[in-house]
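These notes concern the structure reproduced below.
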Amino acid sequence: DKTESIHQLITSGKYYFLARPRRFGKSLLISTIKYLFQGKQELFNELWIADNWNWEERLPVLHFSFSSLGYEDVGLAYGLEAELDDLSVKHQIQLTKKGITRKFKELLQKLAEKKGKVVILIDEYDKPIIDYLGDKVEQALANQAILKNFYATVKDCDPYIRFLLITGVSKFSKVGVFSDLNNLRDISLSRNYGTLCGYTEEELHQYFSAYAEEPPTPAYWQSIKEWYNGYTWDRKNYVYNPFSILNFFAEGDFDNYWFETGTPTFLIDLLKKHFYYDFDGVRIGKSAFNSYDIRSLEEIPLLFQTGYLTIKNRDKNGIYTLGYPNKEVKESMLEHLIGAFSHRGNSRAHPMVMTLYEALIADDLEKVISIINTLFASIPNHLFLPKKEAYFHSVVYVVFQFLGQYIEAEVNTNIGRIDAVLQTDTHIYVLEFKLDKSAEAAIAQIKEKGYADKYLHRGKMVKLLGINFSSESKSVKGWLVENI
């Protein structure tokens, strides 16, 4: 029941913008507000707002859902104009003006005069831009210009408007699209509305306990939390991904439900192009939450806005730390990155990592080396050789980060080297990777830097593993293991 928060939203302001990742309930929020203003009292029985709303007052609602405009076939301008014509017919308004902005203004004015001030609800405002990012950026810019003119109409029609809510995934096009709508309040990071979309811990137990396993143990609830909780936009309230929760209780299995509904190709391509893979724990200033230039997209704002990173901390200097929200997102993102960097495809990434895990559990280091060789074999030479350092680091890093989902793993990287520590029930492996040097040099560095010192006397076999990789052959040229 989100109706108390919705009531606060409606009664404390007029123009709002809310950004949330896909599948977080934005469309349901829009529909709920629409039916409130239309006076559909029967839909709200037993909810908070049932006794806190004037059901006699009914206002006209203009509901735009950009996912259903058909702009992919007919173009955004034609799609918007056709939608305005359909809305005018629905409300029995005769339009005489031509063009999007003139029609929109005429519709608002005549509808307000006929039925009262108008409620405008806009869902997925940014879809005509997001769909064309990457190789079709010129179309994205053209659609941005059309939307800018469309929303400029709102400012001139303030006397006819009761309430406006615009939702979308991203804010990266907000300045370009809404620059004329300067009274629009962005509540994306507001503490007052941090739980407007998504399920809180309390809501999960209150509304979904009937669907839980019997009996639902503390370990069971903790597993659900690790998989699907962790999203926050205000550093105070944490919510579960609603799409994942609904699918989890329907299927009864822990799985990557949200990620599989469609990760933007342009986002993975952007990360691959810049060899950007180590962003869990990145620190940024608040201004980085907004990336305005469609021609030059920034990875961190996009990862945050699309739900792959969330706020972990904010220090006294206003610096934010971002990280993966939960196990579902981390595992899925690493799987995609392995597929992208190694050119093996996403479907082969997870089984390969599990084979690596099994090899470590069995202390089969020859198989570990074989898997590492297999990883690099599929990367075309003409792609690998010009960026050999970046390719080497990216593949090794994301593989061992992924492995950390199943065993305790620490992976550190800086220019020129990568080292990792992996722990099983019986062994601790201290690994040092070298590129075009020697396995002996790798072992020597482990000893010189004392990488293994803190892992001694833990009742497990400690093994030092030095691996030298050849960029020419794209394979392990030598490896050494020493037992401590």
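One is the number of the first residue; the rest follow in order along the sequence.
- Checked against side chain to side chain donor-acceptor pair (under 3.5 Å), S347 has no partners two or more places apart in sequence or in another chain.
- Scored by the salt bridge (charged side-chain N to carboxylate O under 4.0 Å, His left out) test, K273 finds no partners at all (sequence neighbours excluded).
- Between Y357 and Y406, the ring planes lie tilted relative to each other; the angle falls in the 30° to 60° range.
- A distance of 5.5 Å separates CG in L108 from CD1 in I161, rounded to the nearest 0.5 Å.
- With sequence neighbours left out, the side chain to side chain donor-acceptor pair (under 3.5 Å) criterion links T374 to no other residue.
- Taking each heavy atom of F254 and S223 in turn, the nearest pair found is CZ-CB, 3.6 Å.
- Ring orientation note: the planes of Y220 and F248 are tilted relative to one another, at an angle of 30° to 60°.
- Between atom CG of residue L165 and atom CG of residue D123 there is a gap of 9.0 Å, rounded to the nearest 0.5 Å.
- Applying the 6.0 Å contact sphere to CD of E213 captures more than 12 heavy atoms from other residues, nucleotides or ligands.
- The aromatic rings of Y397 and Y277 sit tilted relative to each other, their planes meeting at an angle between 30° and 60°.
- For residues 232-242, no pair satisfies salt bridge (Lys or Arg N to Asp or Glu O under 4.0 Å), with sequence neighbours left out.
- Side-chain atoms of T101 and N149 include no donor-acceptor pair closer than 3.5 Å.
- One side chain, D158 or Y15, offers a donor N or O that lies under 3.5 Å from an acceptor on the other.
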Kindly determine whether K2 and E203 satisfy salt bridge (Lys or Arg N to Asp or Glu O under 4.0 Å), including the steps that lead there.
CA-CA 10 Å; K2 303 287 187 180; E203 289 168 342; 2.9 Å; yes

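- In the model, D419 has a side-chain atom that pairs as donor or acceptor with a side-chain atom of N412 under 3.5 Å.
- With a 4.5 Å cut-off on side-chain heavy atoms, I379 and F341 do not count as touching.
- Listed by chain and residue number, E201 satisfy the side chain to side chain donor-acceptor pair (under 3.5 Å) test with Y240 (two or more places apart in sequence, or in another chain).
- You'll find the side chain of M333 reaches within 4.5 Å of the side chain of I268, heavy atoms only.
- Ring-centre distance between Y391 and F275: below the 6.0 Å cut-off.
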Steps toward side-chain hydrogen bond (donor to acceptor under 3.5 Å, both in side chains) verdict (S170, D126)
CA-CA 7 Å; S170 64; D126 50 355; 2.9 Å; yes

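- No more than 12 heavy atoms of other residues, nucleotides or ligands lie within 6.0 Å of NZ in K449, so this atom counts as exposed by the packing criterion.
- Counting only residues at least two apart or on different chains, the salt bridge (Lys or Arg N to Asp or Glu O under 4.0 Å) pairs with a member in residues 133-147 are E138-R295.
- Take K105 and apply the salt bridge (charged side-chain N to carboxylate O under 4.0 Å, His left out) test, not counting sequence neighbours, and it matches no residue.
- The aromatic rings of Y16 and F163 are tilted relative to each other, their planes meeting at an angle between 30° and 60°.
- With ring centers used as reference points, Y308 lies 6.0 Å or more from F279.
- S5 places no side-chain N or O within 3.5 Å of a backbone atom of L196 that could act as its donor or acceptor partner.
- We find the CZ-CG distance between F266 and D269 to be 9.5 Å, quoted to the nearest 0.5 Å.
- Taking the six-membered ring for Trp and thresholds of 30 and 60 degrees, Y231 and W233 have nearly parallel ring planes, at less than 30 degrees apart.
- Within the 4.5 Å cutoff, the side chain of L204 has no heavy atoms near those of the Y228 side chain.
- In this structure, the separation between OG on S470 and NZ on K388 is 9.0 Å, given to the nearest 0.5 Å.
- For the pair F17 and L181, the minimum side-chain heavy-atom distance is 4.5 Å or more.
- Q405 CD to H350 NE2: the interatomic distance, rounded to the nearest 0.5 Å, is 8.5 Å.
- Considering all non-hydrogen atoms of both residues, I294 and A140 come closest at CG2-CB, 4.2 Å.
- Under the side chain to side chain contact (heavy atoms under 4.5 Å, CB included) criterion, K127 pairs with S67, Y71, E72, E124, D131, not counting sequence neighbours.
- Looking at residues two or more places apart in sequence or on another chain, you find a side chain to side chain contact (heavy atoms under 4.5 Å, CB included) between R23 and F243, W258, T261.
- For the pair Y35/V61, no side-chain contact is recorded, criterion being any heavy-atom separation below 4.5 Å from C-beta on.
- Legend: salt bridge (Lys or Arg N to Asp or Glu O under 4.0 Å) pairs involving residues 308-328, not counting sequence neighbours, sorted by first then second residue: R283-D315.
- Every side chain to side chain contact (heavy atoms under 4.5 Å, CB included) that V353 has, sequence neighbours left out, goes to I338, F402, L403.
- Atom CG in L431 sits 12.5 Å away from atom OH in Y451 (nearest 0.5 Å).
- With hydrogens and angles ignored, the 3.5 Å screen pairs a side-chain donor or acceptor of N326 with a backbone N or O of N229.
- No side-chain heavy atom of H393 sits under 4.5 Å from any side-chain heavy atom of D278.
- Looking at Y320 and I284, their side chains come closer than 4.5 Å, going by heavy atoms from C-beta outward.
- Residues that satisfy the side chain to side chain contact (heavy atoms under 4.5 Å, CB included) test with Y211, not counting sequence neighbours, are F208, F249.
- Aromatic ring centres of F104 and F150: separated by under 6.0 Å.
- Between H343 and K272, the closest side-chain pair of non-hydrogen atoms falls below 4.5 Å.
- For an aromatic pair to be called close, the ring centres must be under 6.0 Å apart, and Y199 with Y207 fails this.
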